[in-house]
Amino acid sequence: MEAKDNNKEQPQQSDNEVRTDSESSTDSMMRFVLPSLDGSPPKVVTMDEVAGMLKNLKNMELAHEIALNPEFKLQPYEPPMNSLEGRIKAMVHKAFWNLLREQLERNPPSYDQAIRLLSEIKEDFPQLLSPNNTNALSRINATLDEALIRQQAERGTLDFRSYANFVINLLASMCAPARDEAVAKLREIDDVIDTFRGILEVMALMKLDMANFMVSAARNNIAANSVEYEKQKFSTFLREYHGTVGFPATEDWLQRARAGCNNNEEILFNAFKQLLNYPADKEFPELLRIDKERFEGLSWRCQRLILCAALISIAQGVPIISQRRENRIELAKQLDIIVQHVKQQDQLSSVIDNCYEQIRSYINKCLEKEKLQLLSESQETQIQSQVKQLINKSSPVRTLMANRMDGFVRVALRSNGNIPPPPAGFADFGEELVAFIASFRRLVSYNHAVFGEYFVQLLNKQRNSAEPTADASNSSSNSLSSNMAQTAKP
């Protein structure tokens, strides 16, 4: 960077040996962690590399992740403190700030380190501003001009605090509302060194905000183009390996979905729906493996909703719950909290026990509040027995709620963008139900857009002479695509 190069050319700066090539007091080359998307280690990237990735869809896993995950965000990279990089960074930063304080406390003060700091802050601002904001950039460059600051230092008129206030005012006008409090606290710091330390911390947060804003702004464009890009890559793969590669797990998945279906549209609806309860002894479809963890996560999200609805159904056997809407809603919230971390079958047993204790305790609390007789021992035993049965998927109450969820998912996949009302027993979990089905439809729609045509080819290949014609099947596939068009956008 030019400012840094100029500083190195100044022979009078006797303290330059403190600075190393790998150190930047402001972390101007701030790095971000790109989460692992394909089992490989997380990647560390700079702001420029983030911008490049968002403009270039060659990283298919990243495009797929951003398109399907509305919560995808970059995280700041910090080397572990016990690592060599972490120890070096801590030592160099400490040396920088100690030298800055020592120089400013000299009589007369030395401003070499202060000038370097202001130059690096100036270099950082373009990362926080839109390139079109030329007025702000011009003002920053004029005010933080190194030649001007050096002249002030030589004349003894440099006011380091006034530059801190200038930067704070800029940050206040640029930051996201979530950073307003942090910027306001900078004005309360008396020590000018600590003020600049705080400024750099806030600027690091704002760089993270800007990087994630870039991701958010590019999401719609990525979602629109990543489908076509993935389709092209898949078509190329099929051409290159035509006749030499197959997808047996995908074909088996589609074949098993044929039962009770009259056309390809129904088969595809059924196949995607079955991913929410995929058999453990069956290999997952090859073409959907990039989203296997997503489908498994949604499967458990679905099972948790079914479990909660079953628990509330059992609790409503007591009038204090069934006849008091506010009691039922409060108990539903408590049960939702208890089960929200269940992601494996072996976790169910302990969670079920906790749910029974919560139901028993809450019912008795409500009864006591209304000065009614508490649950008898036989009533508690009956409730406990019903709750414990829910560990088994084939238990009557759980089976009933699972069938209702199955019907809800079926209707939701067929609806044209609208989410149907909650099925009976699920009304108290409406918010989570909507979030679940929106995520599932988004995932189904995306994968259908990429692989739908090929799925139809496989189905046509499997079809026997008694099934509809290929033209009718292709029409059905187009209907499915049309029904889901609105949910293709994340």
Side-chain angles (χ1 to χ4, degrees), residues 276-277 280 296-412 419-437 440:
L276 290 174
N277 192 20
E296 288 177 343
L298 286 167
S299 174
W300 272 107
R301 200 169 178 180
C302 178
Q303 291 303 316
R304 290 194 295 269
L305 280 163
I306 291 170
L307 181 60
C308 282
L311 287 165
I312 281 294
S313 176
I314 292 171
Q316 288 189 100
V318 181
I320 198 73
I321 300 298
S322 61
Q323 296 176 12
R324 303 286 192 278
R325 182 174 179 271
E326 65 277 10
N327 290 347
R328 191 186 74 244
I329 292 174
E330 179 58 30
L331 180 58
K333 290 179 182 177
Q334 295 174 4
L335 294 174
D336 185 46
I337 292 172
I338 293 174
V339 307
Q340 65 180 326
H341 297 300
V342 175
K343 295 181 180 178
Q344 294 179 353
Q345 184 65 30
D346 57 10
Q347 294 176 316
L348 271 180
S349 180
S350 61
V351 167
I352 287 291
D353 289 340
N354 292 338
C355 287
Y356 162 68
E357 285 300 326
Q358 187 61 38
I359 291 171
R360 183 192 64 79
S361 173
Y362 185 75
I363 289 176
N364 280 333
K365 178 182 176 181
C366 293
L367 291 169
E368 185 177 19
K369 183 178 179 181
E370 297 195 18
K371 296 181 172 54
L372 298 173
Q373 185 177 356
L374 302 186
L375 291 172
S376 66
E377 185 176 342
S378 62
Q379 286 176 311
E380 289 185 356
T381 301
Q382 182 182 15
I383 293 173
Q384 184 178 32
S385 175
Q386 291 177 322
V387 169
K388 281 187 172 294
Q389 288 180 33
L390 297 181
I391 295 176
N392 189 339
K393 278 188 176 183
S394 61
S395 67
V397 180
R398 190 169 169 183
T399 299
L400 174 64
M401 294 304 166
N403 289 338
R404 289 176 180 175
M405 173 64 85
D406 184 86
F408 172 77
V409 172
R410 185 184 299 274
V411 173
I419 294 178
F426 290 83
D428 298 324
F429 308 96
E431 185 175 339
E432 171 62 9
L433 186 67
V434 169
F436 154 72
I437 199 63
F440 183 62

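By convention here, the first residue in the shown sequence is residue 1.
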Discussion item. Do Val397 and Gln389 make a side-chain contact, defined as non-hydrogen atoms from C-beta onward lying under 4.5 Å apart?
Written reply: no
Do any side-chain atoms of residues 402-410 form donor-acceptor pairs under 3.5 angstrom with protein atoms, and if so which ones, sequence neighbours left out?
from, atom 1, to, atom 2, distance (Å)
Asn403, ND2, Thr399, O, 3.3
Arg404, NH1, Ala424, O, 3.1
Asp406, OD1, Lys273, NZ, 2.8

Discussion item. Can you list everything that forms a side-chain hydrogen bond (donor to acceptor under 3.5 Å, both in side chains) with Asn277? Sequence neighbours excluded, please.
Written reply: Lys393
Fill in: Partners meeting side-chain hydrogen bond (donor to acceptor under 3.5 Å, both in side chains) with Asn327 (sequence neighbours left out)
none
Using 0.5 Å steps for rounding, measure from the [atom1] atom of [X] to the [atom2] atom of [Y].
{"X": "Ile314", "Y": "Ile321", "atom1": "CD1", "atom2": "CD1", "answer": "13.0 Å"}
{"X": "Leu374", "Y": "Cys366", "atom1": "CG", "atom2": "SG", "answer": "11.0 Å"}
{"X": "Asn354", "Y": "Ile359", "atom1": "CG", "atom2": "CD1", "answer": "11.0 Å"}
{"X": "Leu276", "Y": "Cys302", "atom1": "CG", "atom2": "SG", "answer": "5.0 Å"}
{"X": "Leu311", "Y": "Asp428", "atom1": "CG", "atom2": "CG", "answer": "12.5 Å"}
{"X": "Leu331", "Y": "Lys365", "atom1": "CG", "atom2": "NZ", "answer": "11.0 Å"}

Worksheet item: Of all residues at least two apart in sequence or in a different chain, which pass the salt bridge (charged side-chain N to carboxylate O under 4.0 Å, His left out) check with Glu357?
Response: Arg360
Practice prompt. Could you tell me which residues satisfy salt bridge (charged side-chain N to carboxylate O under 4.0 Å, His left out) with Lys388, sequence neighbours excluded, listed by chain and number?
Written response: Asp353
Item to complete: Apply side chain to side chain contact (heavy atoms under 4.5 Å, CB included) to Ile352 and Leu307, showing your working.
Response: CA-CA 9 Å; Ile352 287 291; Leu307 181 60; 3.7 Å; yes
Which donor-acceptor pairs under 3.5 Å do side chains of residues 338-347 form with protein atoms, sequence neighbours excluded?
from, atom 1, to, atom 2, distance (Å)
Gln340, NE2, Ile337, O, 3.4
Gln347, OE1, Lys343, N, 2.6
Gln347, OE1, Gln344, N, 3.0

Fill in: Inter- and intrachain pairs under side chain to side chain donor-acceptor pair (under 3.5 Å), touching residues 309-326, at least two apart
Arg324-Glu370
Worksheet item: Applying side chain to side chain donor-acceptor pair (under 3.5 Å), which residue pairs with at least one partner in residues 300-309 are found, sequence neighbours left out?
Response: Arg301-Glu432, Gln303-Arg398
Practice prompt. List the atom of Gly425, the atom of Ala309, and the distance in Å for their closest heavy-atom pair.
Written response: O-CB, 3.4 Å
Item to complete: Of all the heavy-atom pairs spanning Phe426 and Leu305, show the shortest one and how long it is.
Response: CE2-O, 3.5 Å
Worksheet entry | Residue list, side-chain contact (heavy atoms from CB on, under 4.5 Å) with Ser376, at least two apart or on another chain | Ser378, Gln379
Worksheet entry | Residue pair Leu335, Tyr362: steps toward the side chain to side chain contact (heavy atoms under 4.5 Å, CB included) verdict | CA-CA 11 Å; Leu335 294 174; Tyr362 185 75; over 6 Å; no
